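Input: a single structure, listed below in structure tokens.
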Amino acid sequence: MNEIADLPSPGHPAVAAYLADGYDGVVGMSSRFAAAICARLLRLQSEEGLHGPIAEIGAFEGRFFIALALALEPGELALGIDIFEWPDAGVKERFEANCLRHGVGPQRRVTIKGDAGAMAPDALLQHAGGRTLRFIHIDGEHSRAALTRDLALATACLAEGGLIVLDDMLHPGYPTLMVAVQAYLEANPEIVPLCIIDRETIVGATKFVLCQRSWFERYQTRLLDIFKEQIWPLGADFEPHWCLVLSRDTRLAEIT
Ligand SMILES: C[S@@+](CC[C@H](N)C(=O)[O-])C[C@H]1O[C@@H](n2cnc3c(N)ncnc32)[C@H](O)[C@@H]1O
């Protein structure tokens with residue numbers, strides 16, 4: 001399989017160049033397919049008139065963060081949040097050096113060293129100049145309790161029309177995260193799954209994209225067109241909500 005040629009267009013030349021010739025050189029975990037989809041979602045937001053800052057919880061060395069930051073419009077900020085202690089104290093320096101090397105200078109990003117679970121929404125929004133966030137990627141601590149806290153923080157900071165993206169969903173190593181997601185969706189009926197981004201490998205895991213219920217139809221209409229080559233025909237049954245599944249492999253099981 002040609003790893004680059006069959007990716008959906010990320011909608012931005014700088015992101016395409018980074019995915020082709022930079023992504024693998026930054027130590028990290030998220031999938032390139034998901035990075036292309038998420039960059040295109042950011043572009044879609046810009047096309048829909050949504051502007052403003054974005055954030056990633058669990059920025060690590062910047063692999064996914066850089067793809068997101070390169071998809072922003074001039075003047076928009078990307079916040080990278082991490083405790084920056086694992087696997088060693090040099091990770092923050094490597095994050096900033098990787099950003100710089102790939103064109104995300106200090107004027108386009110804010111590095112926030114801290115525990116997302118202990119962060120108040122106001123404190124996070126202050127880093128974004130008091131503006132709410134249009135896109136939040138959650139990839140921090142992978143426990144039920146931590147994901148529940150990160151989801152609460154993201155929901156409190158979310159802009160009108162914003163997207164929350166959850167990494168490592170349905171991952172064999174973190175089976176209980178789904179329990180936290182289900183409880184969150186039941187407690188927050190104004191938020192619904194917009195689509196599922198299928199896994200590439202065990203480290204490039206599945207992501208869930210969530211949006212406000214009032215934005216679901218508007219986003220989905222555009223997704224059906226933008227990602228028509230990636231739509232797996234049966235979709236996902238989130239009981240009672242149904243949403244799109246985007247995959248590099250859109251085959252159905254052979255039954256004859
Ligand atoms: C799986 S890695 C993230 C990978 C990264 N998104 C990438 O693109 O490669 C998880 C990161 O979450 C960070 N983390 C864990 N608990 C955290 C917390 N409570 N607050 C902020 N970051 C946390 C870890 O330090 C680690 O860097």
Side-chain angles (χ1 to χ4, degrees), residues 10 15 18-19 22-39 41-42 54-72 78-104 109-121 123-125 127-128 133 135-157 163-177 180 197 199-209:
V15 183
Y18 170 65
L19 294 181
Y23 197 78
D24 282 342
V26 177
V27 177
M29 292 90 174
S30 283
S31 88
R32 199 197 314 253
F33 177 63
I37 300 263
C38 288
L41 290 174
L42 286 166
I54 66 164
E56 180 178 43
I57 298 175
F60 191 48
E61 298 209 9
R63 176 184 273 195
F64 201 73
F65 179 87
I66 293 166
L68 298 180
L70 290 174
L72 294 181
L79 316 182
I81 307 154
D82 205 296
I83 51 177
F84 289 123
E85 282 167 9
W86 176 84
D88 57 67
V91 63
K92 179 166 174 276
E93 213 170 294
R94 295 196 293 278
F95 167 74
E96 297 195 319
N98 287 333
C99 286
L100 210 53
R101 183 174 316 120
H102 294 290
V104 182
R109 66 173 154 78
V110 180
T111 307
I112 305 169
K113 180 172 165 51
D115 174 0
M119 215 169 273
L124 179 56
L125 294 179
H127 289 285
L133 307 173
F135 190 101
I136 304 163
H137 181 227
I138 299 181
D139 192 11
E141 185 191 325
H142 287 8
S143 70
R144 258 193 290 175
L147 178 58
T148 300
R149 287 194 294 270
D150 290 348
L151 274 164
L153 177 66
T155 308
C157 295
L163 298 171
I164 300 175
V165 179
L166 309 178
D167 193 33
D168 289 321
M169 294 294 105
L170 312 175
H171 189 298
Y174 312 107
T176 64
L177 293 187
I197 306 172
R199 64 180 269 181
E200 263 188 340
T201 62
I202 197 159
V203 281
T206 299
K207 294 189 197 287
F208 291 170
V209 182

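What you see is a predicted model; the values in this text were computed from it and never measured. For ligands, and for the atoms within them, numbers begin at 1 and follow the listed sequence.
For the pair Glu85 and Val91, the minimum side-chain heavy-atom distance is 4.5 Å or more. Using a 4.5 Å heavy-atom cutoff, the side chains of Lys92 and Asp82 are not in contact. Leu125 has its side chain within reach of Leu133: a pair of non-hydrogen atoms, C-beta onward, lies under 4.5 Å apart. Between Leu70 and Pro10 the shortest side-chain heavy-atom distance does not fall below 4.5 Å. Taking the side chain as every heavy atom from C-beta outward, Leu151 and Leu166 approach each other to under 4.5 Å.
Separation of atoms CG (Asp168) and CG (Leu147) is listed at 10.5 Å; rounding is to 0.5 Å.
No salt bridge links Lys207 with Asp139; every basic N to acidic carboxylate O contact stays at or beyond 4.0 Å.
The side chain of Glu56, and not its backbone, has at least one atom closer than 4.0 Å to an atom of ligand 1 (non-hydrogen atoms only; side chain from C-beta on).
By the ring-ring contact (aromatic ring centres under 6.0 Å, His included) test, His127 is found to be paired with no residue, residues two or more places apart in sequence or in another chain being considered.
With hydrogens left out, the protein atom closest to atom 21 (C) of ligand 1 is Gly114 O, 3.5 Å, a heavy atom. Counting only heavy atoms of the protein, atom 7 (C) of ligand 1 lies nearest to Met29 N, 3.9 Å. Protein heavy atom closest to atom 15 (C) of ligand 1, with residue, atom name and distance, is Glu141 N, 3.5 Å. In terms of protein heavy atoms, atom 5 (C) of ligand 1 is closest to Gly58 O, 3.3 Å. Among all protein heavy atoms, the one lying closest to atom 20 (N) of ligand 1 is Ala116 N, 2.9 Å. In terms of protein heavy atoms, atom 24 (C) of ligand 1 is closest to Asp82 OD1, 3.4 Å.
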Expected list for residues 59-66: side-chain donor-acceptor pairs under 3.5 angstrom, two or more places apart:
from, atom 1, to, atom 2, distance (Å)
Glu61, OE2, Arg94, NE, 2.7
Glu61, OE2, Arg94, NH2, 3.2
Arg63, NE, Tyr23, O, 3.3
Arg63, NE, Val26, O, 2.8
Arg63, NH1, Gly28, O, 3.3
Arg63, NH2, Val26, O, 3.2

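Among the atoms of Asp139, some N or O lies under 3.5 angstrom from an N or O of ligand 1. Checking only distances, Phe65 never comes within under 3.5 Å of ligand 1, N or O to N or O. Taking any N or O of Phe64, backbone or side chain, at least one lies under 3.5 Å from an N or O belonging to ligand 1. An N or O contact shorter than 3.5 Å is missing between His137 and ligand 1 by distance.
When each atom of ligand 1 is checked for a heavy atom of Gly28 under 4.0 Å away, the hits are 9 (O). Per-residue contacts place Asp115 under 4.0 angstrom from the following atoms of ligand 1 (heavy atoms of the residue considered): 18 (C), 19 (N), 20 (N).
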